[in-house]
Undergrad: 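Encoded as structure tokens, here's the structure I'll be asking about.
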Number of protein chains: 2
Amino acid sequence: MSKDDARTRLLNAAGPIFAEKGYRAATVREICETAEVNLASVNYYFGDKETLYVETLQRSHPPAVIKHLPETWPEGTQPAEKLKDYISAMMTELLGVETAPWRVPLMMRELQSPTPAGSALLRKFFGENFSILLRILAEILPEDTPSYKRQQIGLSIIGQCVHYRVAGKIIPLMVSEEEFSEHYKPEQLAEHIAQVMLAALGLGPPLARGDRPSAEVGAAARETHA
Amino acid sequence: MSKDDARTRLLNAAGPIFAEKGYRAATVREICETAEVNLASVNYYFGDKETLYVETLQRSHPPAVIKHLPETWPEGTQPAEKLKDYISAMMTELLGVETAPWRVPLMMRELQSPTPAGSALLRKFFGENFSILLRILAEILPEDTPSYKRQQIGLSIIGQCVHYRVAGKIIPLMVSEEEFSEHYKPEQLAEHIAQVMLAALGLGPPLARGDRPSAEVGAAARETHA
DNA sequence: TTGTCAATCAAACATTTGTTTCATATACTA
DNA sequence: TAGTATATGAAACAAATGTTTGATTGACAA
């Protein structure tokens with residue numbers, strides 16, 4: 001192992017460590033030890049710790065949702081199908097065990113404590129994914145839907161997906177262990193989110209026996225409660 | 001100002017600083033300067049920096065969603081109304097300018113990098129809010145809805161709300177400045193999320209011209225939208 | 001008044017940590 | 001072979017930072 005040159009080994013070691021501990025708490029000593037290089041190597045190859053961080057960040061960018069999506073969908077694919085694919089791809093990206101499981105955590109850290117160098121990357125990282133979603137939604141929503149509304153529906157979808165990563169550590173603490181291991185796999189969650197949003201968009205059955213599918217009146221919920 | 005005793009001033013100063021910079025990057029020197037106390041005070045009153053952090057965390061816990069909700073709803077209040085209230089309360093809690101705007105950011109940091117002391121608080125903090133939501137959902141969903149399904153619907157709601165806090169810093173970068181200032185106020189976002197979820201639950205009109213509103217046909221949402 | 005005790009203060013201390021230095025080794029070239 | 005550039009190594013350096021120390025103050029009680 002560690003057949004790569006020192007510079008590459010440093011980048012490989014830095015990714016997981018920055019992701020787990022954050023920029024500040026990650027020490028160049030630990031990174032160098034992990035990479036099995038001399039302490040001076042960070043400054044030799046990158047000048048300083050911050051530059052190493054920036055390059056680590058840049059290397060972590062490329063693959064995103066697109067990676068898990070088909071180049072183009074077959075002619076005539078229903079928008080609902082595309083949406084399902086998108087949500088599934090997003091969940092795979094966020095929760096899947098990929099080749100570099102530290103990329104997403106690193107971006108999440110940037111989201112919380114943006115560094116000057118990170119902001120541009122963040123915008124690109126999320127912007128690309130988001131614009132794909134917006135295009136799918138454009139096929140579903142009426143043409144006269146204002147763009148802010150379309151964006152907010154998009155954010156509703158992203159939000160549900162991202163939450164399983166953001167709150168991932170405490171969800172197992174709040175649901176039973178059995179439920180968690182049985183029903184919280186990425187594909188199942190993607191299925192659930194798709195179900196919610198397709199119902200919201202009117203492309204699938206509502207989750208509850210709705211008594212008032214229209215805005216006006218209708219007999220309301222009755223004899224229901226825990 | 002700073003009429004409180006040194007110990008209290010330390011806690012007041014520590015909250016915002018820990019919230020903004022995180023445990024590691026926050027220095028006792030900065031905290032002491034802000035609190036206008038001597039450098040040795042942290043160790044004098046709390047023993048060490050970590051204990052100060054833990055006490056800050058504990059102090060930041062109490063108020064949550066409940067704070068913005070009525071004690072009990074009037075008899076006969078529709079579950080849909082309760083859900084709207086809940087979502088509105090959550091958005092106020094997450095985005096509103098409250099008395100201690102650093103509480104939520106601090107909890108978000110714990111969520112990402114849990115400390116031993118923080119995990120218990122986190123569970124309480126989110127657990128209390130979540131159980132209220134689950135009770136409301138129980139009134140809406142069919143009785144035979146499995147509990148994991150109810151939880152996931154709850155997480156869909158929480159996720160949408162929390163996302164505006166998590167991604168709050170980059171959303172303005174991805175939508176036009178005008179759209180953001182016009183349509184992304186907490187109350188408007190709460191309204192949007194409620195609209196999405198009520199539609200998903202069948203308690204409101206779908207967001208788009210649905211072509212297949214129910215699994216087995218049935219007269220469904222019509223000429224309704226926006 | 002005098003003694004006691006908690007609080008405050010400036011200074012020093014010890015550790016961590018990013019960075020630099022300079023010597024040595026290694027590989028490639030003239 | 002000799003020379004040079006590149007890479008690696010151990011050590012030291014300097015700054016930041018959590019913690020400790022010992023003196024001083026000030027209030028209050030005997």
Side-chain angles (χ1 to χ4, degrees), chain A residues 1-60 102 106 109-110 113-118, chain B residues 1-60 102 106 109-110 113-118:
Chain A
M1 68 185 72
S2 54
K3 208 70 206 76
D4 298 324
D5 63 356
R7 199 189 131 93
T8 305
R9 268 182 293 158
L10 271 175
L11 284 170
N12 290 339
I17 294 175
F18 278 134
E20 187 195 332
K21 313 202 165 180
Y23 175 77
R24 189 89 178 212
T27 71
V28 307
R29 275 174 177 79
E30 181 182 358
I31 293 172
C32 287
E33 282 167 21
T34 306
E36 297 179 46
V37 301
N38 185 268
L39 174 59
S41 300
V42 166
N43 302 279
Y44 181 76
Y45 284 105
F46 299 95
D48 56 15
K49 181 187 179 185
E50 187 178 337
T51 305
L52 168 62
Y53 177 72
V54 172
E55 295 215 16
T56 303
L57 216 53
Q58 287 167 343
R59 250 169 55 110
S60 82
W102 45 271
L106 205 56
R109 282 195 177 278
E110 271 297 320
S113 312
T115 63
Chain B
M1 64 186 74
S2 56
K3 209 69 205 76
D4 299 323
D5 63 358
R7 201 190 131 93
T8 306
R9 267 182 294 159
L10 271 175
L11 285 170
N12 288 340
I17 294 175
F18 278 134
E20 188 195 332
K21 314 202 165 181
Y23 175 77
R24 189 89 179 213
T27 71
V28 306
R29 278 173 175 79
E30 181 182 359
I31 293 172
C32 287
E33 282 167 20
T34 306
E36 297 179 47
V37 300
N38 185 268
L39 174 59
S41 300
V42 165
N43 302 280
Y44 181 77
Y45 284 104
F46 299 94
D48 56 15
K49 180 188 178 184
E50 187 178 337
T51 305
L52 169 61
Y53 177 72
V54 171
E55 295 216 16
T56 303
L57 216 53
Q58 287 168 344
R59 249 169 56 108
S60 82
W102 44 273
L106 205 56
R109 283 195 176 277
E110 270 299 319
S113 313
T115 63

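As the structure is a computational prediction, the values presented were derived from the model and not from experiment. Heavy atoms only: backbone and side chains are in, while hydrogens, waters and symmetry mates are out. Naming convention: chains lettered A, B, ... in sequence-line order (proteins, then strands); numbering from 1 in each chain.
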Undergrad: Taking side-chain hydrogen bond (donor to acceptor under 3.5 Å, both in side chains) as the test, write out the residues that go with Glu110(A), two or more places apart.
TA: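 So Glu110(A) forms a side-chain hydrogen bond (donor to acceptor under 3.5 Å, both in side chains) with Tyr53(A), Thr115(A).
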Undergrad: Considering residues at least two apart in sequence or located in another chain, which fulfil the side-chain hydrogen bond (donor to acceptor under 3.5 Å, both in side chains) criterion with Thr27(A)?
TA: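 Here no residue qualifies.
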Undergrad: What pair of heavy atoms forms the shortest contact from Trp102(A) to Ser60(A), and how long is it?
TA: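 Heavy-atom minimum between the residues: CZ3-CB, 3.5 Å.
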Undergrad: So do Phe18(B) and Ile31(B) actually touch side chain to side chain, heavy atoms under 4.5 Å?
TA: yes
Undergrad: For the side chain of Arg109(A) and the backbone of Glu20(A), is there at least one donor-acceptor N/O pair under 3.5 Å apart?
TA: yes
Undergrad: Taking only residues two or more places apart in sequence or in another chain, which ones pass side-chain hydrogen bond (donor to acceptor under 3.5 Å, both in side chains) with Glu30(B)?
TA: Lys21(B)
Undergrad: Counting C-beta onward and ignoring hydrogens, is there a side-chain heavy-atom pair between Leu52(B) and Val28(B) closer than 4.5 Å?
TA: no
Undergrad: Polar-atom pairs under 3.5 Å, protein N or O versus N or O of nucleotides 15-17 of chain D: list them with distances, or write none.
TA:
unit_1: dT17(D); atom_1: OP1; unit_2: Arg24(A); atom_2: NH2; d: 2.5

Undergrad: Taking the axis from the first five pairs and the axis from the last five, what angle separates them in the helix from dT1(C)-dA30(D) to dA30(C)-dT1(D), rounded to 10 degrees?
TA: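 So the angle between the two local helix axes works out to 20°.
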Undergrad: Which value, rounded to the nearest 0.5 Å, describes the distance between Arg59(B) atom CZ and Thr8(B) atom OG1?
TA: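 Answer rounded to 0.5 Å: 7.0 Å.
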Undergrad: With rounding to the nearest 0.5 angstrom, report the CD1 to CG distance, Ile17(A) to Leu106(A).
TA: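 Here the rounded value is 12.0 Å.
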Undergrad: Would you mind writing out the side-chain donor-acceptor pairs for residues 37-45 of chain B within the sub-3.5 Å range, not counting sequence neighbours?
TA:
unit_1: Asn38(B); atom_1: OD1; unit_2: Ala40(B); atom_2: N; d: 2.9
unit_1: Ser41(B); atom_1: OG; unit_2: Asn38(B); atom_2: N; d: 3.4
unit_1: Ser41(B); atom_1: OG; unit_2: Asn38(B); atom_2: O; d: 2.9

Undergrad: Apply ring pair (Phe, Tyr, Trp, His ring centres under 6.0 Å) to Phe46(B) and list each qualifying residue two or more places apart in sequence or on a separate chain.
TA: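 Per chain and number, Phe46(B) pairs via ring pair (Phe, Tyr, Trp, His ring centres under 6.0 Å) with no residue.
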Undergrad: List every contact pair, protein side and nucleotides 7-10 of chain D side both N or O, where the distance is under 3.5 Å.
TA:
unit_1: dA7(D); atom_1: OP2; unit_2: Tyr44(A); atom_2: OH; d: 2.9
unit_1: dT8(D); atom_1: OP2; unit_2: Tyr45(A); atom_2: OH; d: 2.4
unit_1: dG9(D); atom_1: N7; unit_2: Asn38(A); atom_2: OD1; d: 3.4

Undergrad: Looking at residues 13-22 of chain A, who's got a heavy atom less than 4.0 Å off DNA chain C?
TA: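 Of all residues in residues 13-22 of chain A, none places a heavy atom under 4.0 Å from DNA chain C.
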Undergrad: Please identify the 5'-most and 3'-most nucleotides of DNA chain C with any atom under 4.0 angstrom from a heavy atom of chain A.
TA: dT17(C) to dT21(C)
Undergrad: Taking side-chain hydrogen bond (donor to acceptor under 3.5 Å, both in side chains) as the definition, give me every residue that meets it alongside Thr34(A), ordered by chain and number, with sequence neighbours left out.
TA: none
Undergrad: Among residues at least two apart in sequence or on other chains, which ones pass salt bridge (charged side-chain N to carboxylate O under 4.0 Å, His left out) with Arg7(A)?
TA: Glu55(A)
Undergrad: Of all heavy-atom pairs between Ala35(A) and Arg9(A), which one has the smallest distance, and what is that distance?
TA: O-NH1, 3.3 Å
Undergrad: Please report the interatomic distance CG(Leu57(A)) to CD(Glu50(A)), rounded to the nearest 0.5 Å.
TA: 11.0 Å
